[in-house]
Student: 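Pasting a structure here, questions to come.
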2 protein chains.
Amino acid sequence: MRESQTAEMRPYHHGDLRRALVDAARRILEAEGPTALSLRAVAREAGVSPAAPYHHFKDKAELLDAVAQEGWEMLDAAMGKAMAEAEAPDKLTAIGISYVCFAREHPALYRVMYDAARDKADLPEEMHDNEDSPYCKVRDTMVALGADPGDAIDLELATSAAWCAAHGLAEMAGFKQFDHLKEALGGETPFLRAIFRHMGLSPLDRRR
Amino acid sequence: MRESQTAEMRPYHHGDLRRALVDAARRILEAEGPTALSLRAVAREAGVSPAAPYHHFKDKAELLDAVAQEGWEMLDAAMGKAMAEAEAPDKLTAIGISYVCFAREHPALYRVMYDAARDKADLPEEMHDNEDSPYCKVRDTMVALGADPGDAIDLELATSAAWCAAHGLAEMAGFKQFDHLKEALGGETPFLRAIFRHMGLSPLDRRR
DNA sequence: CAAGATATCTTTACGTCGTCCAGATATCGA
DNA sequence: TCGATATCTGGACGACGTAAAGATATCTTG
């Protein structure tokens with residue numbers, strides 16, 4: 001429970017500047033958006049000189065990577081909570097909604113996460129490749145709900161399709177063009193649920 | 001048929017600098033990516049001073065808006081071509097594939113397009129609101145393929161879902177994580193087709 | 001056609017940014 | 001204890017977005 005850092009009373013070397021920098025970056029991101037997130041602003045917010053971050057991160061991109069990683073962990077937690085709480089018939093939709101809601105509640109952070117991933121054309125393995133990653137958990141949920149685990153390719157396609165659908169929805173749900181649909185359906189969550197119903201989220205819902 | 005601009009022989013006022021700036025921006029975008037796209041670099045490429053663009057655009061964002069708008073027009077054309085050529089059973093999938101292929105062939109431009117749109121939370125109306133916009137044409141195609149035009153909300157949901165699906169796929173198809181699926185399915189286009197099959201692109205494919 | 005009004009472009013300048021380097025200072029290992 | 005090492009500061013460099021003032025070409029109007 002470290003208390004806030006007003007650059008007052010810096011005892012020795014600051015303790016854990018790396019931690020403080022990531023926190024500062026997150027604070028700036030939520031308060032002022034991605035355009036205000038400069039390395040110098042982060043250093044300023046943490047109460048150190050503009051060059052100090054370079055002893056903890058190779059460059060700005062590496063700092064953003066650290067911020068993004070915390071974002072992925074938060075997203076993992078949000079999806080895990082939804083997986084634990086949701087019940088069978090709408091389980092996959094509930095997971096998808098938890099995904100989109102996270103992105104909508106932390107738009108700047110979500111943007112940093114995907115910008116970093118896209119630059120490397122690589123999703124973090126704790127999200128996609130690890131055995132307990134959200135990707136694998138969604139895939140296993142699909143099997144638990146009746147998807148055929150024999151056709152491995154098809155199962156991966158279904159999981160990937162669900163992920164792409166959630167991402168696309170997360171990025172587009174904020175556009176004005178959907179306002180009247182949200183209103184007609186009685187709020188953002190019903191809107192998301194209705195859209196997901198058109199996206200074949202569950203293989204159980206699929207034709208053929 | 002204006003020949004290339006090597007800053008040589010500038011007759012009077014340059015003729016049409018606005019046009020030249022947008023072209024220069026597009027050239028930089030395709031050759032060096034979005035990070036290299038600075039206002040100064042655009043001016044340099046067009047052979048004018050760093051301040052010259054300010055007589056044609058309020059600021060950098062407005063230049064990017066102009067670039068983005070040309071991108072939307074190109075996307076419109078690509079989708080229109082697919083709509084004209086594709087035949088009934090896979091028509092919607094073919095349109096979706098044309099969308100994703102455009103994004104994959106012009107990744108930097110596609111990024112500029114959506115960055116600009118997201119900043120305003122507004123899709124360009126020539127894409128979504130106009131009567132002959134791709135959105136409306138996709139919607140009408142759905143009706144032509146058998147969707148119920150009576151349930152207006154549901155029809156809009158289906159169209160929006162298709163759009164979100166295409167966008168999500170466009171943004172994610174480049175990730176390494178999908179390489180083995182593309183390989184297993186014999187290329188990028190079969191991969192896209194297979195994924196779309198899981199995304200309920202057409203209301204005709206839908207359950208219930 | 002002359003001459004002022006206007007549009008276009010250049011020059012210069014300011015503040016901010018990412019990053020590097022040389023020094024200062026604090027911690028740690030022998 | 002003292003040298004090695006890690007951490008932080010200060011100052012500097014070039015690139016950026018943008019504004020202001022001056023130059024130059026076109027347009028308008030008499």
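Per chain, numbering begins at 1; letters A, B, ... match sequence-line order. The structure displayed is predicted, hence computed values, not measured ones.
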Student: Nearest whole angstrom, please: distance from the P of C:dT19 to the CG of A:Leu63.
Tutor: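 Going from A:Leu63 (CG) to C:dT19 (P), I get 10 Å.
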
Student: Does the side chain of B:Glu156 come under 3.5 Å of the side chain of B:Tyr135 through a donor N or O and an acceptor N or O?
Tutor: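 Yes.
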
Student: Report the nucleotide, chosen from D:dT9, C:dT11, C:dT19, that has the shortest atom-to-atom distance to any side-chain atom of B:Pro50.
Tutor: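 Within the option list, the nearest is C:dT11.
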
Student: Quick one: label A:Ser38 by what it contacts on the DNA or RNA (base, sugar-phosphate, nothing), any heavy atom closer than 4.0 Å.
Tutor: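 Sugar-phosphate contact only - A:Ser38 comes under 4.0 Å of backbone atoms but never of a base.
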
Student: What I want to find out is whether B:Lys137 reaches B:Asp76 closely enough, with some N-O distance under 4.0 Å, to be called a salt bridge.
Tutor: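 So B:Lys137 pairs with B:Asp76 through a salt bridge.
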
Student: Please report the distance, rounded to the nearest Å, between CD1 in A:Ile28 and C1' in C:dT16.
Tutor: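 From A:Ile28 CD1 to C:dT16 C1': 14 Å.
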
Student: Take the protein atom OH of B:Tyr54 and the nucleotide atom P of D:dA21, then report the distance between them rounded to whole Å.
Tutor: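 Distance check: B:Tyr54 OH to D:dA21 P gives 17 Å.
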
Student: Using whole Å, report how far CZ of B:Arg40 lies from C1' of D:dA19.
Tutor: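 Taking CZ of B:Arg40 and C1' of D:dA19, I get 12 Å after rounding.
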
Student: Considering only C:dT10, C:dC20, D:dG17, which nucleotide approaches the side chain of A:Ala51 most closely?
Tutor: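 Nearest nucleotide to the side chain: C:dC20.
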
Student: Side chain of A:His55 only, please: which of D:dT18, D:dT9, D:dA12 is the nearest?
Tutor: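 Nearest listed nucleotide: D:dT9.
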
Student: Atom NZ of A:Lys60 to atom P of C:dT19: distance rounded to whole Å?
Tutor: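 In whole Å, C:dT19 P and A:Lys60 NZ are 8 Å from each other.
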
Student: For B:Glu62 and D:dG17, what is the distance between atoms CD and C1' respectively, to the nearest whole Å?
Tutor: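 Interatomic distance, CD of B:Glu62 to C1' of D:dG17: 15 Å.
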
Student: Name the closest nucleotide to the B:His56 side chain, picking from C:dT8, C:dC20, D:dG17.
Tutor: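 Looking only at side-chain atoms, B:His56 lies closest to C:dT8.
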
Student: Hey, is A:Lys91 close enough to A:Glu87 for a salt bridge, meaning N to O under 4.0 Å?
Tutor: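 Here A:Lys91 does not pair with A:Glu87 in a salt bridge, since their nearest N and O are not under 4.0 Å apart.
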
Student: What's the CZ-P distance between B:Arg44 and D:dG14, to the nearest Å?
Tutor: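 From B:Arg44 CZ to D:dG14 P: 14 Å.
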
Student: Quick one about B:His128 and B:Asp122 (side-chain donor to acceptor, distance below 3.5 Å, no hydrogens or angles considered), yes or no?
Tutor: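 Result is no, nothing qualifies.
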
Student: Starting from P on C:dT19, measure out to CZ on A:Phe57 and report it in whole angstrom.
Tutor: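 So the two atoms are 13 Å apart, to the nearest Å.
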
Student: Ignoring hydrogens, what is the shortest heavy-atom contact between A:Ala25 and A:Leu63? Give both atom names and the distance.
Tutor: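 Looking at all heavy atoms of both residues, the shortest contact is CB-CD2, 4.3 Å.
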
Student: Among D:dA19, C:dG18, D:dT9, find the nucleotide with the atom closest to the side chain of A:Val48.
Tutor: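 Per side-chain heavy atoms of A:Val48, the pick is D:dT9.
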
Student: Where the side chain of B:Leu39 is concerned, which of D:dT7, D:dT18, D:dT9 is the nearest nucleotide?
Tutor: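 Looking only at heavy atoms from C-beta outward on B:Leu39, the closest nucleotide is D:dT18.
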
